[in-house]
Amino acid sequence: MDKLTYYLQLIQVIMEYNFREIDRKWQSFWKEHHIYNVDIDRHRPKYYVLDMFPYPSGAGLHVGHPLGYIASDIYSRFKRLQGFNVLHPMGYDAYGLPAEQYAIQTGQHPAITTEKNIARYREQMDKIGFSYDWNREVRTCEPNYYKWTQWAFIQMFNHYYDLRIQKAQPIEKLIHAFEINGTQGVEAACSEEMSFTAKEWSNKSVAEQRDILMNYRIAYKADTMVNWCPTLGTVLANDEVSEGVSIRGGHPVEQRNMSQWSLRVSAYAQRLLDGLAKLAWSDSLKETQKNWIGRSEGAEMQFSIANMDEKMTIFTTRPDTIFGVTFMVLAPESEWVAKLTTDEQQPEVTAYLDATKKKTERERIADKRVSGVFSGAYAVNPANGQNIPIWISDYVLAGYGTGAIMAVPAHDARDYAFAKNFNLPIIPVIEGCDVSHESFDAKEGILTNSGFLNGLNVKEAIAKAKEYIITNQIGRVKINFRLRDAIFSRQRYWGEPFPIYYKDRQPYTLDEAKLPLKLPEVSSYLPTEHGEPPLGRAANWQTEDGFPLELNTMPGFAGSSAYYLRYMDPHNDTVLVSKEADEYWRNVDLYIGGTEHATGHLIYSRFWNKFLFDLGIVCEDEPFQKLINQGMIQGRSNFVYRIKDSNIFVSINLKDAYETTPIHVDVNIVHNDILDIEAFKKWNPEYKTAEFILEDGKYICGWAVEKMSKSMYNVVNPDDIVEKYGADTLRLYEMFLGPLEQSKPWDTNGIDGVHRFLKKLWNLFWKEDTMAVSDETPTLEEWKALHKLLKKVKYDIENFSFNTSVSAFMICVNELTTLKCNKRAILEPLLITLNPFAPHISEELWHRLGHKDDESICNATWLEADEKYLQEDVVTYAISFNGKVRYQLSLPADMPNDKVEITVLESDQAQKWLEGKTPKKVIVVPKKIVNIVI
RNA sequence: GCCCGAAUGGUGGAAUCGGUAGACACGCAGGACUUAAAAUCCUGUGGCCAUUGCGGCUGUGUGGGUUCAAGUCCCACUUCGGGUACCA
């Protein structure tokens, strides 16, 4: 290489956009200068932007994870430039099943794996240039964090929910009420309705009283039907189960009656529902939560049992159909089954119960066949005094309503199928409906065969029936919720220990001063020989006084329910969050995360927050004001086509001539669907000797959209993208891919366009080999290009339309390139506007413009668009005839409509299209279009 | 079954209040530069017809409707995606 060439190449390096150097330089600058650390500042308005913190899995981040983080980072930086004091923290949801399962397999302590994974996540995130305040990091598995999870649990144990004032109250208030009036006048959320006098209460033993209180505590332990997963060896909450299998791992789940800790989330059902109204969440997410909460208005009705004193209570939303009731159905688990079954029916009932018990939840769902058994007993219809048989069937759920229903086969599809199967009578009570082939389920029509309800429409009949129920004291109006209490125990190791010990078999909470109760070491992460959870292996797992501690641990959602509060005041050792921090930061203004948490975390967090709100710990009733669900990033797989029984691969457009098998190929050795043949040969020894049939000298791969997974070889690592193109290209490209909320496949094709844009931007600042930025006054065209951008980008950021703002930047830079603009007055505002999207290159160029060494563009001021540059003197009208655009016409922007009409009609072109006819009508839309109707 | 969302070139997508469909990119084709490649730059690029010029027709999943004007609003349907489910 001669000297000249060497010199030229050196210059090339200096003036070229060297993203690796720039990324490295500014990432360490931001860190050293604590640019992203925030504190309470009463002189500036706050803004809280939160990402759903990740579970640090062993696989590391793939290119889909940062999508939401980049969006929230852009928004944070934008708000910051606008003068807000922005809280933008990050942490780790560190307790979880995978680390524990890995521990079981390898003996490696989950803490070690977790620590390692966190380090990897952090390294990956750092490379993308996020503006997180890492001083505020939280990890749910750290004692100084889970201390407050345990603390909150103690508060829930020591409170009950008063339904009259719709608020959590100290349990002492309830005890006081019991002492004075018994249950008289008490309206509290509970597992089971109770009734006793003050005298009866005071005659009870301490243990009995504590048992009763357990019925009211917000965190309570009780025998309940739970989702038991034998494979995972633990119980699961409803949101952790879907279609009868566990969400994690897809293992079968069965129903079991077990004594478990639960949180009385159901007490807050109405408030959780009402609270949705004032939240800026998507309609679909609100809808999902509404369905999950599942409010249904109806009535509880008591049915007498023939030859028995007790009355059985059922829940129905259709009390109007009472005259159509022809039988009753009990859930197999109902306590009434044992009470009602006659001796004669006993063998049949027992057989049915056994068969039902054996089936897993999944089998029960899959099995659509109608099954059931007659109990031998009869109930009395309170409306007409008729005796009706009581059946037992698993289509009635023990956990909803009262576990018993009145069956109206004419107007309920399930009752109908049951009645047909067992030949039970079907009595229609709506005029004119045909129930010979199917039930009539619609809530409309006029009542018939229904005594005092005859002639009323369904709506009126429901009201009248409820009235009847109340006046005749055969029941009450009742609102039922689908939302269940959250099962809070897990028979696992890697979770928060409960701050609970047992004395005389009664659970007691630890003294708050003893928190945190640290997770002990265990010899193995498996259950004990006696079937106890892994904590049963911990040595000395007891209080100082020798009382045994709880062996269960808390579920995954425990630690994630209040983490947003802890970020406000992460190092506080005396309270969860100080009054000062809470009253300043209040709640999350913008929350970005996946839609998979709609019925889990987002319900639990809202519940947890409302509870703390009742206690006066937090000042906002709802934790997340605005919420954006970023779409899922799917994988885009590539295929090569191997000719059968050979090691020859044929390019996609030639493959039809052969019999081929598609084989997944690693997307990282494919660029723009063209296979890197050398890399392919090295990729797998099997392909070392592979031969290829090419088209135009290239091997073109097929592709398909699939889930991003290792087995499909379509996982793209953000590190690789950053290494190849730089962090700013990754950030811009992820946004450019499409609308934030839409699911889309990751396709690296196209990333070059974004990278080219950054190079073009870079080149605006250079002439030959030197920085060349002038201080001249910009031309009107240059001003216009800039202010168009300022307006567009602000609008787009506020509407989370980041893909269109990236294209606005491209348009602006293209225009400035055409104009050969190198004016500081244009380029500097451009950099500030671009900063939220591409913080590295904007910081670099901003400094090259001469800003002080210790300053950062992150602290610059956002520029507002000035309309005076956007005014147009001349606008182009589209001239259309009968709705078809024929040509354009430039006219002064301020020309009044009538003048426009005259000018257009007088023009030669218009005469041509009019063909001598007189227009019937002319519509002028100012500054846009003229439509001439002939 | 019920609820929600979506469907636009070869590809990702744009069209903010019913007003010029296809912005911005990718890809592709042609060209410039180069020994060559890469990089870069220029031109073209929904389809069909015509290209000797102007151009013309058609086009946003399907069918209908409202309107001077519909990707956008209404009705019916198809397909795909997501949520949820014996919830009485």
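Proteins come first, then strands; the chains are lettered A, B, ... in the order of their sequence lines, and each starts at number 1.
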Candidate nucleotides [options], ranked by approach to the side chain of [X] - the nearest:
X       : options                : value
K760(A) : G27(B), C24(B), C41(B) : C41(B)
S807(A) : A23(B), G56(B), A88(B) : A23(B)
R414(A) : C86(B), A25(B), G13(B) : C86(B)
D747(A) : C57(B), U20(B), U11(B) : U11(B)
N291(A) : C87(B), G13(B), C3(B)  : C3(B)
D752(A) : G27(B), U20(B), C68(B) : G27(B)
I811(A) : A23(B), C86(B), C4(B)  : A23(B)
K744(A) : G13(B), A85(B), G19(B) : G13(B)
R756(A) : U40(B), U84(B), A88(B) : U40(B)
K792(A) : A69(B), U16(B), C57(B) : U16(B)

What interatomic distance, in whole Å, is found between [atom1] of [M] and the corresponding atom of [N]?
N      : M      : atom1 : value
U20(B) : G13(B) : P     : 23 Å
U60(B) : A23(B) : C1'   : 15 Å
A7(B)  : C17(B) : P     : 16 Å
A25(B) : C48(B) : C1'   : 27 Å
A14(B) : G46(B) : C1'   : 15 Å
A70(B) : G61(B) : P     : 15 Å
U79(B) : U62(B) : C1'   : 10 Å
A6(B)  : U58(B) : P     : 29 Å

Integer-rounded Å distance: [N] [atom2] and [X] [atom1]:
X       : N      : atom1 : atom2 : value
M632(A) : G83(B) : CE    : P     : 8 Å
L758(A) : U40(B) : CG    : P     : 13 Å
K927(A) : U20(B) : NZ    : C1'   : 17 Å
N763(A) : C41(B) : CG    : P     : 8 Å
I700(A) : U11(B) : CD1   : P     : 15 Å
K724(A) : A39(B) : NZ    : C1'   : 14 Å
F800(A) : U16(B) : CZ    : C1'   : 16 Å
D415(A) : A88(B) : CG    : P     : 11 Å

Verify the neighbour count for atom CG of D898(A): are there more than 12 heavy atoms of other residues, nucleotides or ligands below 6.0 Å? yes

Check every strand shown and say whether [X] touches a base, only sugar-phosphate, or nothing at a heavy-atom separation below 4.0 Å.
X       : result
V933(A) : sugar-phosphate
P739(A) : sugar-phosphate
Y795(A) : base
F736(A) : base
I923(A) : base
N803(A) : sugar-phosphate
T876(A) : base
R886(A) : sugar-phosphate

Could you check G883(A) against L737(A) and say which one's nearest nucleotide on RNA chain B is further toward the 5' end? L737(A)

If you find the nucleotide of RNA chain B closest to K884(A) and the one closest to A404(A), which residue's nucleotide is nearer the 5' end? K884(A)

Among side-chain atoms of D415(A) and Y395(A), is any donor-acceptor pair under 3.5 angstrom? yes

Quick one: look up who [N] pairs with, Watson-Crick or G-U, both distances under 3.5 Å, and put none if it's unpaired.
N      : value
C54(B) : none
C33(B) : none
A69(B) : none
U62(B) : A76(B)
C2(B)  : G83(B)
U11(B) : A25(B)
A88(B) : none

Please report whether the ring centroid of F19(A) lies less than 6.0 Å from that of H755(A). yes

Between Y733(A) and W746(A), does the ring centroid distance fall short of 6.0 Å? yes

Would you say [X] reaches [N]'s phosphate, i.e. side-chain N/O to OP1/OP2 under 4.0 Å?
X       : N      : value
Y395(A) : A88(B) : no
K290(A) : C3(B)  : no
N814(A) : A25(B) : yes
K921(A) : C68(B) : yes
R482(A) : C86(B) : no
Q742(A) : G13(B) : yes
N882(A) : A69(B) : no

So which atom in A398(A) and which in A331(A) form the shortest heavy-atom distance, rounded to 0.1 Å? N-CB, 3.6 Å

Would [X] and [Y] pass as an ion pair if we require N to O under 4.0 Å?
X       : Y       : answer
K784(A) : E815(A) : no
K791(A) : E867(A) : yes
R318(A) : D441(A) : no

Flag, side chain of N803(A) to backbone of M735(A), donor-acceptor distance under 3.5 Å: no

Where does C80(B) land, syn or anti, once you apply the within-90°-of-0 test for syn? anti

Pull up the glycosidic torsion of G9(B) and say syn or anti, syn being anything within 90° of 0. syn

Provide the full list of salt bridge (charged side-chain N to carboxylate O under 4.0 Å, His left out) pairs with a residue in residues 793-813 of chain A, sequence neighbours left out, each pair given once. K792(A)-D796(A), K794(A)-E864(A)

